[in-house]
Enquirer: 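What follows is a structure written as structure tokens; I'll ask about it next.
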Amino acid sequence: MSDLALGRLADLTDSHLPCYLYDLGVLREHAAAVRAALPDGVELYYAAKANPEPQLLAALRDAVDGYEVSSGGELAHVRQAVPDRPLAFGGPGKTPAEIAEALRIGVHRWHVESEHELRQLAARATGPVDVLLRANLAVHSDALDGVALAMGGRPTSFGLDPDRIADCLRLLAEPGFELLRLRGIHAHLASGLDAEDQLTVAEQIVDWSVDLAARHGLPITEVNVGGGMAVDYADPTARFDWTAFGTGLAKLLARHPGLTLRIEPGRALTAYCGWYATEVLDVKQSHGEDFAIVRGGTHHLRTPATRGHSQPFTVLPVTGWPHPWPRPAVGTGRATLSGQLCTPKDVLAQQAPVDRLRAGDRVLFAMAGAYAWNISHHEFLMHPRPDFHFLG
Ligand SMILES: *Cc1c(COP(=O)(O)O)cnc(C)c1O
């Protein structure tokens, strides 16, 4: 846990809880280690949707080659937070206004999701546009337990089926499409893969792309193999094996000289630099189980509700109890940590083991730096917003 975050928390009174604490030094250090593990020929983009706080975007600046944005809102926001950095613009259902605006400000790479999008782009472009076609490929990976996982290749709103890609290639050769420069293929097929499975997937995407280029006689020089690097919420000390991943990508590049690979992780970059700090308001026994109700809840930190996990946390004991009556406390050695919302889904941790947990104690939820505040339903129940502290 970050000393800076703990230090700041110690200075805060209960009325300043809950709050988010970010340690930007932790983020910079982690991102630099990720960058260092990747070989030349691999570009690292940050998927802004994981956490678009301007301070985080700026802290990542030196470690990343660019940012992946998936809406007009993200495009404008990231452009302002880190001006002049390369942007890759993806996402299904781009509106005419978003397309016009992205063409106006200029993006480094355009991830095209459909034939209709390609046609709109060609119709509106007034200068060169560098395009990657997003492919919905079926790839297979033998997970460690021997079960073969199939990813992509299923009905989704994302990307183009392989035969549609061939249609797009024909389209790109037609008059009127001269301003669109096909740079390569983009595929973001799964999330939560460990390094071994990520490499298997990357290899299949690259092989498919290189084969496609050869069959059509095209100069495809870039393959973006997406994000989705695993983050293990059950073990806050575990990290995706970036070293093994980088070594594997180097081998893949050695087989394809001249190819540029790009990856665009979100969660695995920013998850570890954020904490959500709060206090226990009450402890109750309900039909044999202990419930600790914290100030705040999943309307601030929706991550555990969306993923169905227990958010890892640390208890910071607070001595002293200002009331003449007994202090409510967990008695069973396990507690469900829930928030203030009037819904049984407002659970941050389910029957988690706790040595001691009492009303008035503080709780520091870890791994709250990605898909946390920005995916939460803040307005539900009209509780106050948390404070934000950007440290380091
Ligand atoms: C969400 C997303 C990412 C990032 O995924 P993580 O699981 O956060 O690494 C990358 N690329 C695309 C196209 C995405 O939609």
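Fair warning: this is a prediction, and the values are worked out from it, not measured in the lab.
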Enquirer: In terms of side-chain heavy atoms, does Q350 have a donor or acceptor partner in S310 at a distance below 3.5 Å?
Expert: no
Enquirer: Just how far is it from atom NE2 of H378 to atom NE2 of H300, taken to the nearest 0.5 Å?
Expert: 7.5 Å
Enquirer: Write down the atom of T243, the atom of T247, and the distance for their closest heavy-atom approach.
Expert: O-OG1, 2.7 Å
Enquirer: With a 3.5 Å cut-off and no angle check, do the side chains of S15 and T13 form a donor-acceptor pair?
Expert: yes
Enquirer: Keeping D241 on the side-chain end and A244 on the backbone end, is there a donor-acceptor pair under 3.5 Å?
Expert: yes
Enquirer: Say whether E379 and H377, considering side chains only, have a donor N or O and an acceptor N or O under 3.5 Å apart.
Expert: no
Enquirer: Would Y22 and H389 count as a side chain to side chain donor-acceptor pair (under 3.5 Å) if you check the C-alpha gap in whole Å, the side-chain angles of each, and the deciding distance to 0.1 Å?
Expert: CA-CA 6 Å; Y22 291 108; H389 304 271; over 6 Å; no
Enquirer: Would the distance check show the side chain of D290 and the main-chain N or O of G331 forming a donor-acceptor pair, the cut-off being under 3.5 Å?
Expert: yes
Enquirer: Could you tell me whether the side chains of S338 and D346 share a donor-acceptor contact shorter than 3.5 Å?
Expert: no
Enquirer: Evaluate the ring planes of W321 and H323, with Trp represented by its six-membered ring, and classify them as parallel (under 30°), tilted (30 to 60°) or perpendicular (over 60°).
Expert: perpendicular
Enquirer: Salt bridge check: are E113 and K94 linked by an N-O gap of less than 4.0 Å?
Expert: no
Enquirer: List the steps and the verdict of salt bridge (Lys or Arg N to Asp or Glu O under 4.0 Å) for R164 and D161.
Expert: CA-CA 5 Å; R164 288 290 185 168; D161 288 358; over 6 Å; no
Enquirer: Does the ring pair (Phe, Tyr, Trp, His ring centres under 6.0 Å) test come out yes or no for Y276 and W373, once each step is laid out?
Expert: CA-CA 9 Å; Y276 177 64; W373 166 253; 8.8 Å; no
Enquirer: Got a sec, which pairs hit ring-ring contact (aromatic ring centres under 6.0 Å, His included) with one end in residues 173-197, sequence neighbours left out?
Expert: H111-H186
Enquirer: Consider only side-chain N and O atoms of T200 and Q198, and report whether a donor and an acceptor are under 3.5 Å apart.
Expert: no
Enquirer: What I want to find out is whether R8 reaches D11 closely enough, with some N-O distance under 4.0 Å, to be called a salt bridge.
Expert: no
Enquirer: Does any pair with a residue in residues 43-90 pass ring-ring contact (aromatic ring centres under 6.0 Å, His included), and if so which ones, sequence neighbours excluded?
Expert: F89-W110
Enquirer: Please identify which of these residues, R262, R35, H108, meets the side-chain contact (heavy atoms from CB on, under 4.5 Å) condition with D65.
Expert: R35
Enquirer: Run the ring-ring contact (aromatic ring centres under 6.0 Å, His included) test against H216 and tell me which residues pass, sequence neighbours left out.
Expert: none
